[in-house]
Protein chains: 2
Amino acid sequence: MDMTRHSRSNLAGVLRQHGINPTHQRIEIARALFARFEHLSADQILALVNEGHPETSRATVYNTLNLFVQRGLIREVIVDPSKVFYDPNTQPHYHIYDVRTGRLADIDADSVRVTGLPDLPPGMVTEGVDIILRVRSAAPESEAAVQGAA
Amino acid sequence: MDMTRHSRSNLAGVLRQHGINPTHQRIEIARALFARFEHLSADQILALVNEGHPETSRATVYNTLNLFVQRGLIREVIVDPSKVFYDPNTQPHYHIYDVRTGRLADIDADSVRVTGLPDLPPGMVTEGVDIILRVRSAAPESEAAVQGAA
DNA sequence: ATGCGAATTAGACACAGTCCAATTGCTGGA
DNA sequence: TCCAGCAATTGGACTGTGTCTAATTCGCAT
Ligand SMILES: [Mn+2]
Ligand SMILES: [Mn+2]
Ligand SMILES: [Zn+2]
Ligand SMILES: [Zn+2]
């Protein structure tokens, strides 16, 4: 049996470990994320799993991504107001985001130290600490006319 | 002339200082944000400026908020995948976000120290560093059925 | 009063994401 | 092998946020 790092059979085991019934569609979606190990939007994943012959619907892609997030297999990254990115890396880490190109990359958490964050109100727990370094090329922006400019 | 902190005439001056022609609608939108000094969504602002008699269109609210952001009068906060929050506070500061209630509050930057962020690739400049402390009540979630759960 | 550029507007549109009822697929038992 | 039952998938309608556009209105200078 093929046991390469992100073979279908191996992925099926990972899904089971997270309490997810490994169907064909779910394995393909997991493979899109884990084989590349990149931040992908739902739309990109839909395109990837359907290249060649279509085999997974949009509804299933969204269902599955939400299920994966809920089960802790992947996480969401909220950096772009127009779409969510899905992140196969669930280790604590931070992000650098190019606001021009939309490129999103990881920052290793080990080197980063954050101090002085406030105590949480009682009865509250931390879901996570997001750090996003928003960057852009220093080159002057290709000016686009903006309606409503004074 | 009324010169209270967020009077219309005072706000008009602030707009002019940012190169923005102070129209009635723009002043009302600025007032919604600066009088409360809270994080508001476009929808909330639209409702606020139109309570009582309607006087500002949805298009104008979006036009104006984008203009304000572009001119550095306010800034966007991206924490919720479904909508942008607009922040009248342009001082460097961070955010605490309750993922259950959607409540968004400021964290003073003075007390927080972040070290070890990577050097930027050459030719890149920082647009900003966002830190979002995602929290929720420790009480068990009111369980909502999730379609597609295994 | 008139003219003119800027601002505003209604409504169409784009598009991410959700919802739903109907269908398909899988599995375990007769 | 057939069937029942349940889980998963599906197309397509729907929602909500945000953008776009062409037409109108506004504010102001003459
Ligand atoms: Mn296939
Ligand atoms: Mn009014
Ligand atoms: Zn990441
Ligand atoms: Zn803030």
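Throughout, protein chains are lettered first and strands after them, A, B, ... in sequence-line order, and every chain is numbered starting at 1. As the structure is a prediction and not an experimental result, all values here were calculated from the model.
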* Using whole Å, report how far NZ of A:Lys83 lies from P of C:dC15. => 11 Å
* Would you sort out whether B:His93 and B:Asp108 count as a side-chain hydrogen bond (donor to acceptor under 3.5 Å, both in side chains), showing the intermediate values? => CA-CA 5 Å; B:His93 69 280; B:Asp108 192 11; over 6 Å; no
* Within a strict 4.5 Å, meaning less than it, do heavy atoms of the A:Ile20 and A:Leu73 side chains meet? -> yes
* Asked: Considering only heavy atoms from C-beta outward, does the side chain of B:Leu33 approach that of B:Leu65 to under 4.5 Å?
  -> yes
* Structure fact -> A:Ile29 atom CD1 is separated from D:dA8 atom C1', nearest whole Å, by 12 Å
* To do: Would you please confirm or rule out a distance under 4.0 Å between OP1 or OP2 of C:dA7 and any side-chain N or O of B:Arg26?
  => yes
* To do: For B:Thr23, report the nucleic acid contact type (base, sugar-phosphate, nothing); a contact means any heavy atom under 4.0 Å.
  => sugar-phosphate
* Structure fact -> Note: for A:Arg58 and B:Ala59 on DNA chain C, the residue whose nearest nucleotide lies more 5' is B:Ala59
* To do: Answer whether the closest heavy-atom distance between the side chains of B:Asp98 and A:Met124 falls below 4.5 Å.
  => yes
* Specify the separation, in whole Å, of atom CG of A:Asn66 and atom P of C:dA16. => 15 Å
* To do: Calculate the interatomic distance between B:Asp80 atom CG and C:dT18 atom P; express it in whole Å.
  => 11 Å
* Inspect the contact between A:Asp130 and B:Arg134 and indicate whether a charged nitrogen and a carboxylate oxygen are less than 4.0 angstrom apart. => yes
* Asked: Once you round it to whole Å, what is the distance between C1' of D:dT9 and CG of A:Leu67?
  -> 13 Å
* **Side-chain N,O (A:Gln25) to OP1/OP2 (C:dG25) below 4.0 Å** => no
* **Chi angles and distances behind the side-chain hydrogen bond (donor to acceptor under 3.5 Å, both in side chains) call for A:Asp80, A:Ser82** => CA-CA 5 Å; A:Asp80 182 318; A:Ser82 77; 2.8 Å; yes
* Structure fact -> Ranking C:dT9, C:dT18, D:dT9 by distance to the side chain of A:Tyr62, first place goes to C:dT18
* At under 4.0 Å, does any side-chain N or O of A:Ser82 touch on OP1 or OP2 of C:dA16? -> no
* Asked: Could you give the CD-to-C1' distance, from A:Glu76 to C:dT18, as a whole number of Å?
  -> 14 Å
* **Within residues 33-52 of chain B: residues closer than 4.0 Å to DNA chain D (heavy atoms)** => B:Ala42, B:Asp43
* Please tell me if the side chains of B:Ile132 and B:Tyr97 come closer than 4.5 Å, counting only heavy atoms from C-beta onward. => yes
* How long is the line joining CD1 of A:Ile78 and C1' of C:dA16, in whole Å? -> 12 Å
* To do: Can you tell me the distance, in whole Å, between the CG atom of B:Asn63 and the C1' atom of D:dT24?
  => 15 Å
